[in-house]
Structure formats: C-alpha cells, structure tokens
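The first residue in the sequence is number 1, and the count goes up from there. Start at 1 and go down the list; that is how both ligands and their atoms are numbered.
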Amino acid sequence: MNDVLPDEAEQRLWLEGVVADWFARYGYRHMRTPLLEHTALFRRAIGEATDIVEKEMYTFTDALNNESLTLRPEATASTVRAAIEHSLLYEGPRRLWYLGPMYRHERPQKGRFREFHQFGAEALGFAGPETDAELIVMCAALWKELGLEGIRLELNTIGSSEERARHRADLVRHLESYEAKLDADAKRRLHTNPLRVLDSKNARVQEVVASAPALMGYLGEASLAHFEDLQRLLAAAGVTFTVNAKLVRGLDYYNLTVFEWTSERLGAQGTVCGGGRYDGLFVQLGGKPAPGVGFAAGIERLLALLGDSGRAAPRRQPDAYLLHQGEGTLDYAFTLGEDLRAAGYAVVLHGGGGSFKSQMKKADASGAALALIVGEDELNAAAVSVKPLRDARPQQQVARAALAARLRDFLKGS
Ligand code: ATP
Ligand code: MG
C-alpha cells in the first residue's frame, strides 16, 4: 500500500476528472459503496475457487458484533448488492460508474499492489450485445483521449452456465486423462474451477489444454448470435480485437462476453482493464433476475502508461504569492488573500515571516505568476504592489479596492 505524494496525487486527480467527464458523455451515473462488506458477499459473487477469494482477501472478524468483514477486492459485487438493496432497477436499467481503492493481499511487484484503485462501469438491466459493445468502445475512446497507444483488446465468449456445464463435463474428462501432466494448481482447479485451468501459465499444462475440447463448440444459437453481434458493432466502430478462446477471467460471475485490454509496455502485469457480462449475478446475490455487464480498469497501470507516453496533468500554479512585512501588514495581507480567493484567484500567503528578500525567493520558487507585496507603504496607501515574476514587466502599485479586477490583466500579460 502506497502513499501518493503531491506530484502523483495531482496527476490522479486530473485523471479522475477526465474519467468523470468521459462517463458523463455516455450517460453513466456515479455511485459509491462502502470499502467494507460482509465477507459472504464476495464469496458468493466472485466464487470460492478463485484467486481473490482463496488467497487475496483482507478478511477479519469485527469483534464488536462477531461478523466476518472484508475490504472490497473489487466493486461489481458491491454495486449489484446495492442495486438489489435499493431497488435501483425498479424504474428500468441503469448505467453506473465508480472509482476508488480496492484491496487484495497479493505479492507486491511492479503494477501489482495491495491497495490499488479502479474505476469501472456497470450497465445493469441491459441484455443486448450493444451494451457490451458500448462499454468496449468507450474504453477505446478513453485510451485515445488519454493519448495511450498500443492497448490491445482480447475478446471471448464463455456462453451460458448450461453450455459451460456441458463443456465442463467433457473438459474435466479430458484433463483427468492427462492428470499426470497437470501441476498442483491445475489438479486442484480440475474439480473446483476447471475453466481456470485453461489460462494456466505452466507450459506442460498448456500442452494438455491445447488438445482440450473448446467451449466455442458447445455454444447454442443465442450465445453465438450475441457474440457475432458484438463483433459486428466493434468492427463498425473501428475497434480492432483478437478473439482469445483461452480468456476466461478470474471471477466466477461472468457469462457470454469477457474481454481484457492489455499493453505490452507494462511487462508481466499488462492488463489495464477487464470486464464482461454477468447475467446470473443478481439472482446469485438474492435479487430478481437482471442482466448486467461491466468492466474495471486499474488506475495505477494507466498512470504508468501515461507516464510513458500519454497526456500529463496540466499543473495549476498559484496566480500570486502574497508577501507582507512590517507592522500591521499581516492582517492586511491575510484579508486581502481571502478577498482575492473569493474572486477566483489562487493565492498563496507567505507564512513564517523572514526578510523581504527571503520572501521573494519563496515567491519565485512557488511557481506563482505574480508577487503581491504588502509593506508599510502599501498599507498606508491602501494599496498593493504587483510584481510579475516570470517576465521583465516593472512592479506597479495598485489600489487594494481595484486589485481583484486588475489582477486578470496582469495575469494575461504573464
Ligand atoms: P491480474 O491478472 O493482473 O491479476 P485481475 O484479472 O486480477 O488482474 P481484475 O480483477 O480484472 O484483475 O481487475 C481489473 C483491473 O484492475 C486489472 O486489469 C488491473 O489493471 C487492475 N488490478 C487488479 N489487481 C491489481 C493489483 N493488485 N494492483 C494494481 N492493479 C490491479
Ligand atoms: Mg489478480
């Protein structure tokens, strides 16, 4: 878990603003859920036999009421829980988005943290492939807006749970017949979550997987049509992708569409965004049946890419640094600063006294465009001296009452 220091925090704040504008353009509404949830929520939603639930959750017992609680490892479960709890779909489908910290007890490495941040969308109540396509196309638009290149899209369909069950039976039979070649992870998953054996990183396991029956062969007409429609819409929008039959994603709630956006520039932790459809999740969490589809993007990984090539946050420097020296000048400057801020200027008031010269040094280092100087002369004249710091324009005395209006011209000239 990391502290985020001002340079990076400002970059994040800027990115969050870009993200908020972008979501608004697609009609997604912001929502927030608590960082803590009952552990049972994630067990039910994400699935027992997943990396997250097996080994990545920060779970503890709240001793005050003896409940098992977990720091959220992701936000889809929470969003759907909230949608059920507040009957959010009562008046029709909803487009929602969130942003915030997530917690997973992982081995820390480049691009992998124990506290990390995601923004994500959940389109709830939409069954058609156009919504899957919308979510993917909007990601492509964001990468473009951020100036990020080389983020590739992989796409797959994992069908319905019935289709997966039929495939699963054959897959387990196939894997069992090669059990000697499987590693411990794959052997364990063989009976808990055999689909996850498909994305094993072990070469020997991959050999077995290569000859395994493909899920695509088990898909019915409706599933295939959904996938074809999605691909057609993506192609129409000019979004290129590769179909990766091994892409299954590490959470159990998905059906039909799954997708991942990956960059080769990030090394081993290359996935910046993942998502898919989860039409069974509402019922799984005790709600009325409702379809859903969404994605989550990792902010730290996007920031790493932005640092490489993309856009940077414009740095907002203070408009003015306010100096004061002499009897009575502090009170005068103190209220002047407030007047100017109320008029919309960014003003830093010098703190801690010091000589005029040392205050000027601070003014210069602050990045401010102007120094505003209040000495005893200015105090007596009910005025302020304005000194442009970034060019050779001369210092000028301005009546205090006129300063808020005049400052705009000084800033324009700088
Ligand atoms: P990975 O394969 O990298 O473990 P994941 O499949 O577990 O990713 P998701 O649960 O799909 O990831 O989360 C969506 C996105 O959140 C990821 O694509 C990634 O950008 C980001 N993310 C996930 N886990 C972490 C982490 N521990 N640290 C930083 N970012 C993360
Ligand atoms: Mg993971």
Side-chain angles (χ1 to χ4, degrees), residues 1-4 8 12 15-16 19 35 41-43 45-47 49-58 70-80 97-122 135-136 139-140 142-143 146 148 150-156 158 185 189 193 195-196 198-202 244 246-254 257-278 281 292-308 310:
M1 300 191 188
N2 296 309
D3 297 314
V4 180
E8 191 189 326
R12 282 178 184 241
L15 177 60
E16 290 167 10
V19 164
L35 299 192
L41 172 69
F42 301 118
R43 291 186 168 278
I46 299 170
T50 58
D51 281 351
I52 293 178
V53 171
E54 275 178 353
K55 54 189 185 202
E56 295 175 0
M57 295 204 304
Y58 284 95
T70 293
L71 277 170
R72 66 178 184 194
E74 57 103 52
T76 301
S78 310
T79 306
V80 170
W97 73 272
Y98 60 81
L99 185 153
M102 309 293 159
Y103 300 86
R104 297 184 193 177
H105 196 121
E106 307 206 61
R107 196 166 65 79
Q109 47 196 297
K110 183 169 176 264
R112 196 177 288 292
F113 310 99
R114 291 179 174 175
E115 180 184 65
F116 62 99
H117 297 73
Q118 291 182 334
F119 59 84
E122 313 293 357
L135 289 164
I136 291 172
C139 288
L142 180 64
W143 313 149
L146 292 173
L148 299 177
I151 303 185
R152 294 183 47 245
L153 173 62
E154 290 192 0
L155 194 64
N156 192 20
I158 58 170
D185 239 19
R189 290 201 162 126
N193 196 350
L195 216 47
R196 298 264 4 240
L198 299 185
D199 66 359
S200 163
K201 300 203 165 76
N202 182 322
N244 175 359
K246 287 183 200 154
L247 182 66
V248 294
R249 313 252 321 121
L251 305 93
D252 274 0
Y253 48 59
Y254 289 115
T257 311
V258 290
F259 61 90
E260 278 185 1
W261 290 95
T262 305
S263 169
E264 271 155 25
R265 294 183 198 176
L266 289 173
Q269 273 61 248
T271 308
V272 292
C273 175
R277 182 162 276 286
Y278 45 84
L281 188 55
V293 54
F295 65 75
I299 290 185
E300 285 77 8
R301 293 186 195 174
L302 282 175
L303 284 170
L305 285 178
L306 279 168
D308 247 26

Are E56 and Y103 close enough that a side-chain donor and a side-chain acceptor fall under 3.5 Å? no

Looking only at side-chain N and O atoms, does E122 offer a donor or acceptor that is under 3.5 Å from a partner on T76?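 The criterion, which ignores hydrogens and geometry beyond distance, is satisfied for E122 and T76.
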
Between Q118 and ligand 1, which part of the residue brings a heavy atom under 4.0 Å of the ligand: side chain, backbone, both or neither?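 It is the side chain that gets close, since no backbone atom is under 4.0 Å.
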
Under a 4.0 Å heavy-atom limit, does V272 contact ligand 1 with its side chain, its backbone, both, or neither?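 The answer is the backbone.
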
Could you tell me if the side chain of E260 sits less than 4.5 Å from the side chain of L247, heavy atoms only?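 Side chain of L247 against side chain of E260, heavy atoms only: contact under 4.5 Å found.
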
Option whose closest heavy atom lies nearest to [atom], chosen from [options]:
atom	options	value
atom 25 (C) of ligand 1	Y103, W261, F116, F113	F116
atom 20 (O) of ligand 1	I299, D51, T50, T271	T271
atom 12 (O) of ligand 1	R112, R104, E260	R104

When you measure from the heavy atoms of R301 to every atom of ligand 1, does any distance fall below 4.0 Å? yes

Q269 CD to Q109 CD distance, which is reported to the nearest 0.5 Å: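 Result: 4.0 Å between the selected atoms.
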
Would you give the length of the straight line joining atom CZ of R196 to atom CG of D51, rounded to the nearest 0.5 angstrom?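 Reported value, rounded in 0.5 Å steps: 5.0 Å.
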
For F295 against Y98, the heavy-atom pair lying closest together: O-OH, 3.9 Å

Are more than 12 heavy atoms, taken from residues, nucleotides or ligands other than E264, located less than 6.0 Å from that residue's CD atom?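 Count not over threshold, so no.
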
Ligand-residue contact atoms, ligand 1 with [X], heavy atoms, under 4.0 Å:
X	value
C273	18 (O)
G298	15 (C), 16 (O), 20 (O), 21 (C)
A296	14 (C), 15 (C)
G111	28 (N), 29 (C), 30 (N)

Is the shortest distance from a Lys or Arg side-chain nitrogen in R12 or E300 to a carboxylate oxygen in the other one below 4.0 Å? yes

Polar contact flag for E106 and ligand 1 (N/O pairs, less than 3.5 Å):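 So ligand 1 has an N or O lying under 3.5 Å from an N or O of E106.
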
